[in-house]
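In each ligand, atom 1 is the first atom listed, and ligand 1 is the first ligand listed.
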Amino acid sequence: MHLDSGERRREIWGSRFGFVLAAAGSAIGLGNVWRFPYLAGQNGGAAFLFIYLAIVLLIGLPVMMAEVGLGRFTRRNPVGAFAKIVPQSGWRMVGVLGVITGFAILSYYSVVAGWTLRYLVNAATGTFTSLTDPGQTGALFEQTVGDIQTVLTFHALFMVLTVAVVIGGVRQGIERWTLILMPALFLLLLLLVLRSVTLEGAAKGIAFYLNPDFSEVTGATFLAALGQAFFSLSLGMGAMITYGSYLSEREDAVIATASVSLFDTLAAFLAGLAIFPALFTVEGAEPTQGAGLAFVVLPAIFHRIPFGGLFGAVFFVLLAVAALTSAISLLEVCVAYLTDEKGWTRKMACCLVGVVSFVLGVPAALSTGASTFLSRLPLVHMGFLDLMDTIFGNVALTLGALLLCLFVGWRWLPEDALTGTMEGSAYPQLAHVWLFLIRYLCPLAIGAILLQTLIKLLLSG
Ligand code: TRP
């Protein structure tokens, strides 16, 4: 694969599975292991899980097909893709919104990935083996993310890694890595699940995660699930447009996008199934504790597995690599835009976006304890990292996806849209189902959820 987005020399994926591997690499990341479980915990557990699954199937998958189809048809970066279909129109701003969103997400994504790197070191040096209960792992987490030097060092380290990979041109590297590392990550998740569900008292957590109680569901639950679906599937900012632009016409985009969604959802599901049973085995456990959830609970499970220290270290290596393959796609969208549309060199684009994104990540890094002000901003009553994640990781992606649906469903010629998404597919009969979803169900559902949130904000404000 060759991630140079210029139209000349545009290559397609190296192997048959190139797209699926790279797109799964982008999709599977901290969103699955870190973000999904803590959002599920905050939004009622099983009810959130079921709403999430329905959203992935009815909204996430059609939107992914739309993005991939748009990229494959135009063979451009997100901004260029809109501009190619309707030159000189405002639609290209949807692409620009995507580039800005990607850049903003990268800034705090790198902070959380930095925590993962720090935990990798902890696991490798045996720190977890002396921690026997979640109270202690919780204290370790607070101490880790509240330490200025730690958070900044590892945030910087992760950003440098991301920039280095993207400068090198991603070529075969990712495809090959993903092929080995993703299955390994799944195996370790499975191991964690097995240990977690067999712990004494696990039933309570299993019920929390799998036995839905829809009575507490609100509009906020839907927005959280919708935003999480877009975040986890890497939708709403053009990453899949970019990756789709390297997909051959001969490939079946329906199968490819369905496989990516399936793997991604499975990874999130397993992460939750590892975390909640273990969490509920301790007295006074809080599923609503927020962004630290995975980092507090997972080390405590490793502690109860033979050779847990080793498995723990391997797990955090895999999670860090998964985060890296996701961060690459965030950076790549910005770089593709700057090189394609603004004529920058690849190296300059990578370095500049990396540096600015690092700087924007600094307040996020300090907002988990190091700075009291940033940890609890006035008015919004949340930390800077959470604020960035709400604005960009949720609302901006949702808005981007809505505009994309309107564009693909109503502005783009249906024949071309169908060529982009369905060409080479063994399931042409799905064409009309997809068109219906992308024209009606997706924009209406996304629009309604966004509007509802907006009204509530205005009323409360
Ligand atoms: N999907 C990745 C994760 O779950 C994060 C990510 C990568 C992303 N590229 C994206 C999110 C593009 C939104 C848009 O960790």
Side-chain angles (χ1 to χ4, degrees), residues 3 21-40 52 56 59-60 63-64 66-68 71 77-78 94-95 97-116 158 162 165-166 170 174 178 181-182 185 189 225-244 257 260-272 291 294 318-337 353 357 388-401 403-404:
L3 282 182
L21 286 176
S26 165
I28 299 174
L30 296 170
N32 308 64
V33 176
W34 160 70
R35 205 171 185 273
F36 175 80
Y38 97 72
L39 286 177
Y52 178 78
V56 166
I59 301 179
V63 169
M64 191 188 287
E67 281 203 22
V68 170
N77 70 81
V94 181
L97 171 74
V99 171
I100 296 171
T101 306
F103 158 78
I105 293 179
L106 179 61
S107 74
Y108 67 84
Y109 198 85
S110 167
V111 171
V112 180
W115 304 347
T116 312
F158 185 81
T162 308
V165 176
V166 176
V170 196
I174 297 202
T178 323
L181 295 172
M182 291 290 153
L185 183 64
L189 276 175
L226 189 67
Q228 172 59 17
F230 294 141
F231 188 96
S232 191
L233 296 169
S234 298
L235 299 174
M237 54 75 71
M240 290 297 164
I241 300 182
T242 311
Y243 279 17
T257 49
V260 173
S261 308
L262 183 71
F263 289 135
D264 185 68
T265 306
L266 197 62
F269 176 73
L270 289 178
L318 294 173
L319 186 58
V321 176
L324 187 62
T325 54
S326 300
I328 286 166
S329 73
L330 289 164
L331 178 57
E332 177 60 30
V333 172
C334 307
V335 169
Y337 166 69
V353 177
S357 199
M388 290 289 286
D389 190 38
T390 306
I391 297 176
F392 294 101
N394 189 332
V395 177
L397 292 179
T398 308
L399 188 65
L403 294 171
L404 180 97

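Side-chain contact between S234 and M240: present, with at least one pair of heavy atoms (C-beta onward) separated by less than 4.5 Å. In this structure, the side chains of L266 and L262 stay at 4.5 Å or more apart for every pair of heavy atoms. P78 is listed as a side-chain neighbour of T242, based on a closest heavy-atom distance under 4.5 Å.
Listed by atom number, the atoms of ligand 1 under 4.0 Å from S232 heavy atoms are 1 (N), 4 (O). Interface atoms of ligand 1 facing S329, defined by a heavy-atom separation under 4.0 Å, are 7 (C), 9 (N). Those atoms of ligand 1 with a heavy atom of L30 less than 4.0 angstrom away are 15 (O). Of all atoms in ligand 1, numbered sequentially from 1 with element shown, those under 4.0 Å from a heavy atom of N32 are 4 (O). Close contacts of ligand 1 with L330, meaning ligand atoms under 4.0 Å from a residue heavy atom, involve 7 (C), 8 (C), 9 (N), 10 (C), 12 (C).
The distance between the ring centers of Y52 and F36 falls below 6.0 angstrom.
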Checklist entry - Should R35 and D389 be marked as a side-chain contact (heavy atoms from CB on, under 4.5 Å) after you check the CA-CA gap, both sets of side-chain angles, and the distance that decides it? => result CA-CA 10 Å; R35 205 171 185 273; D389 190 38; 3.1 Å; yes

Checklist entry - Can T398 and F230 be said to form a side-chain contact (heavy atoms from CB on, under 4.5 Å), step by step? => result CA-CA 7 Å; T398 308; F230 294 141; 4.0 Å; yes

Next on the checklist: Does I241 form a side-chain contact (heavy atoms from CB on, under 4.5 Å) with N77? I'd like the steps, not just the answer.
Outcome noted: CA-CA 7 Å; I241 300 182; N77 70 81; over 6 Å; no

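Applying the 6.0 Å contact sphere to CZ of F103 captures more than 12 heavy atoms from other residues, nucleotides or ligands.
In terms of protein heavy-atom proximity, atom 3 (C) of ligand 1 is nearest to A27 O, 3.2 Å. Closest to atom 11 (C) of ligand 1 among all protein heavy atoms lies F231 O, 3.1 Å. S234 OG, 3.6 Å is the protein heavy atom nearest to atom 8 (C) of ligand 1.
Ligand 1 has an N or O atom lying under 3.5 Å from an N or O atom of G31, backbone or side chain. Not a single N or O atom of I105, backbone or side chain, sits closer than 3.5 Å to an N or O atom of ligand 1. For ligand 1, the polar-atom distance check finds no N/O of M237 at less than 3.5 Å from any of the ligand's N/O atoms.
With respect to L397, the side-chain contact (heavy atoms from CB on, under 4.5 Å) criterion is satisfied by exactly one of L235, L97, T101: T101.
At a 4.0 Å cut-off, at least one heavy atom of S26 sits close enough to ligand 1 to count as contact.
Evaluated by nearest non-hydrogen atom to atom 15 (O) of ligand 1, the leading choice among F230, Y109, Y243 is Y109.
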